[in-house]
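Everything below concerns the one structure shown next.
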Protein chains: 2
Amino acid sequence: MANYSSSDSSALNRAFHALGDATRRGVLAQLALGEAPVSKLAEPYDMALPTFLQHLKVLEAGGLVSSRKKGRVRLCRLEAARLAELKNWITQYEQAWSARLDRLDDFLNENDPNKDT
Amino acid sequence: MANYSSSDSSALNRAFHALGDATRRGVLAQLALGEAPVSKLAEPYDMALPTFLQHLKVLEAGGLVSSRKKGRVRLCRLEAARLAELKNWITQYEQAWSARLDRLDDFLNENDPNKDT
DNA sequence: GAGATAGATAGCTGTATGGCTAACTATTCT
DNA sequence: AGAATAGTTAGCCATACAGCTATCTATCTC
């Protein structure tokens with residue numbers, strides 16, 4: 001069985017890691033409604049600005065958010081394409097599983113007198 | 001604007017966090033092919049068993065994998081339903097974004113003489 | 001140009017995460 | 001019963017992460 005090299009998968013690491021935090025998911029929720037400046041994004045959260053900026057950096061590192069400076073304001077936007085990629089990644093395994101003929105195994109396990117579940 | 005309470009979102013935290021590691025994603029890839037015992041799942045990885053078990057725990061904590069003991073062997077299986085949930089979570093924002101009338105904004109930004117991208 | 005505003009950077013801290021070894025439990029095999 | 005197999009638990013260590021304050025830069029507004 002192969003080696004599952006983790007060399008080029010760091011992009012996925014960063015993307016999923018970015019999603020693993022409620023604050024960051026909240027930011028995505030806001031951005032789904034449209035572009036927004038940092039200060040407006042930070043508003044709902046009870047944390048210091050530098051802390052919030054770190055979260056934004058994590059989101060950008062994961063490719064989920066991009067931003068550009070407009071004067072002294074930084075405008076952020078959702079990278080929907082990246083979300084789509086992650087969605088597809090998930091779908092791949094979800095469907096591989098569903099496509100399996102484990103339906104039969106399922107049936108057998110469900111009716112196995114030795115089962116303890 | 002609301003508060004984005006992070007109280008009940010810890011399930012999503014755990015699930016996405018579980019996906020943020022190449023080893024754990026590799027395990028999902030294996031499980032997509034069908035149920036497998038711990039030792040077989042651990043085989044491709046160059047790490048001590050206890051370390052690998054931790055990864056499995058993270059996957060279970062995230063609801064992505066379930067397991068049951070069959071004698072001294074622990075059989076693991078993919079929780080495709082959970083993957084589907086995550087997929088749906090992502091889709092929600094991806095589509096909210098796409099549905100936006102930001103298409104117009106996009107056009108304006110693309111043709112903005114002040115842009116620096 | 002002075003002051004306010006928006007964000008960025010540096011540096012510190014506690015906790016979580018990922019890795020290990022050593023030692024232990026529970027099954028199965030002979 | 002005794003040895004081998006498959007996990008499990010406990011405990012240690014280094015690094016990464018999320019939070020903070022204090023300070024600094026850049027850009028508007030008067």
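In what follows, chains are A, B, ... by sequence order, proteins preceding strands, each numbered from 1. Given the structure is predicted, the values throughout are model-derived calculations rather than measurements.
- Proximity of A:His17 to the phosphate of C:dG18: no side-chain N or O atom is located under 4.0 Å from OP1 or OP2.
- In terms of phosphate contacts, A:Arg24 brings a side-chain nitrogen or oxygen within less than 4.0 Å of OP1 or OP2 of D:dA18.
- Proximity of B:Thr51 to the phosphate of C:dG18: no side-chain N or O atom is located under 4.0 Å from OP1 or OP2.
- Comparing D:dA4, C:dG7, D:dC20 by their closest approach to the side chain of B:Arg72 singles out D:dA4.
- For A:Arg74, a side-chain nitrogen or oxygen approaches OP1 or OP2 of C:dA8 to under 4.0 Å.
- The existence of a salt bridge linking B:Arg82 and B:Glu85 is confirmed by a sub-4.0 Å separation between a basic side-chain nitrogen and an acidic carboxylate oxygen.
- Within 4.0 Å of B:Ser39, counting heavy atoms only, lie sugar-phosphate atoms of the nucleic acid but no base atom.
- Nearest nucleotide to the side chain of A:Asp21, out of C:dG19, C:dC20, D:dA18: D:dA18.
- In this structure, A:Ala48 and A:Gly71 both approach DNA chain D, and ranking their closest nucleotides by distance from the 5' end singles out A:Ala48.
- Taking atom OH of A:Tyr45 as the reference point, atom P of C:dG7 lies 16 Å away to the nearest angstrom.
- In this structure, B:Leu56 atom CG and C:dG19 atom C1' are separated by 15 Å, rounded to whole Å.
- Residues B:Met47 and B:Val58 are members of separate hydrophobic clusters, defined by side-chain heavy-atom contacts under 4.5 angstrom among Ile, Leu, Val, Met, Phe, Trp and Tyr.
- Of all heavy-atom pairs between B:Val27 and B:Tyr45, the closest is N-OH, 3.5 Å.
- Side chain of A:Pro50, nearest nucleotide from D:dG7, D:dC20, D:dT8: D:dC20.
- No side-chain donor-acceptor contact under 3.5 Å links A:Ser66 and A:Glu60.
- Per the geometry, CE belonging to A:Met47 stands 12 Å off C1' belonging to D:dC20, to the nearest Å.
- When the C1' atom of D:dG19 is taken as reference, atom NZ of A:Lys57 falls 14 Å away, rounded to whole Å.
- The distance from atom NZ of B:Lys70 to atom P of D:dG7 is 14 Å, rounded to the nearest whole Å.
- Residue A:Gln54 has its side chain nearest to D:dG19 when only C:dG19, D:dG19, D:dT9 are considered.
- Computed from coordinates, the A:His55 NE2 to D:dG19 P distance equals 4 Å when rounded to whole Å.
- C:dT9 atom C1' lies 13 Å from atom CG of A:Leu49, rounded to whole Å.
- Following rounding to the nearest Å, B:Lys40 (NZ) and D:dG7 (P) show an atom-to-atom distance of 12 Å.
- Here A:Pro50 pairs with A:Ala48 under the side chain to side chain contact (heavy atoms under 4.5 Å, CB included) rule; sequence neighbours left out.
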